[in-house]
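Report on the following structure.
Just so it is clear, the values below take in all heavy atoms, side chains as well, and ignore hydrogens, waters and symmetry mates. One is the number of the first residue; the rest follow in order along the sequence. On a predicted model such as this, the values are computed, not experimentally measured, just so you know. Whatever order the structure lists them in is the order used to number ligands and atoms, beginning at 1.
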Amino acid sequence: MLQRIVQERAGDARATFTDEHAERALGTIAPLPEPGTVAARSVPGRFRAALGTPGLSLIAEVKRASPSQGHIAALDPATAARSYEEGGAAALSVLTEPRHFGGNREALQEVVAVTGLPALRKDFVVHPGMLLEAREWGASAALLMTSVLGEQLGVYLRLTRDLGLDALVEVHDEHELSIALACGADLIGVNNRDLTTLKIDLQNAPRLIRSARAQGFTGLLVAESGYREAADLSDVRSVADAVLVGSSLAGSGDLARAVRTLLA
Ligand SMILES: O=C(O)c1ccccc1NCC(=O)[C@H](O)[C@H](O)COP(=O)(O)O
């Protein structure tokens, strides 16, 4: 499934972006630091700052459909965003992938227009132009998937930062975590969902979060996917800075109440 979505998004990017887009985006990248100097460019952005508060913060996702659930809910993005904010979410994630998640540019723009919360562009970023779009559409952050970008992650990470966006770098296993750490990610999301089988293992995030800390990672850590009720959060409460929750909130019928109940 992941491979199919990535191929589709790469096709979309080829149809949308010219070489000029890529050059313009890549032209914003700052020069590499001198060898031996510290590469950290740690200016905490709006999205990171929203998650860096004491306790477990919630990133609530505007998600209308998914490969694992099919149709979830015919959400109006602006109404959903207001409800998530009212319920106590710290930040929002908005799907912009159209075929499998029912997302689009308007969803992100409408969310940004009505809430004071920072928003993540949740998509399968495969082209620098998609990061230019994220900024243009009002996102404060973009998702970078290690499973999709592989060794290109470092370039995309620098580009995202140089565009003034925070990057949520997603990993699912130790190998991907080692790539994210080597690239200098400062906000790492550990996905409980295996994107090739779509199976959820709620032990995956606490395990890899502990591993990241044991390796000296001092940035922020987000546990992603599969959380349905407050009890599901017990293993991540003491180790993660934030959780990212989509389907269970989006399909709840009362989004503000669902957020309050989850965070109780
Ligand atoms: O959600 C899916 O089925 C899915 C399938 C293939 C690639 C990505 C997918 N989801 C992206 C996500 O990471 C989730 O939207 C996010 O973490 C929230 O998960 P959940 O709370 O389980 O909806």
Between Y156 (side chain) and L144 (backbone), is there a donor-acceptor pair under 3.5 Å?
-> no
With the side chain counted from C-beta on, respond yes when V125 and M145 share a heavy-atom pair under 4.5 Å apart, and no when they do not. no
With heavy-atom distances below 4.5 Å as the criterion, would you say the side chains of L2 and F124 are in contact? yes
Any salt bridge linking R207 with D201? Criterion: basic side-chain nitrogen under 4.0 Å from a carboxylate oxygen. yes
In chain-and-number order, ligand 1 lies under 4.0 Å from a heavy atom of each of E61, K63, S66, P67, S68, F101, K122, F124, N191, R193, L195, L198, E224, S225, G226, L244, V245, G246, S247
Checking R4, H127, E97 against R9 for side-chain contact (heavy atoms from CB on, under 4.5 Å), the one that qualifies is E97
I'd like to know if the side chain of D235 and the backbone of L202 have a donor-acceptor N/O pair within less than 3.5 Å.
no
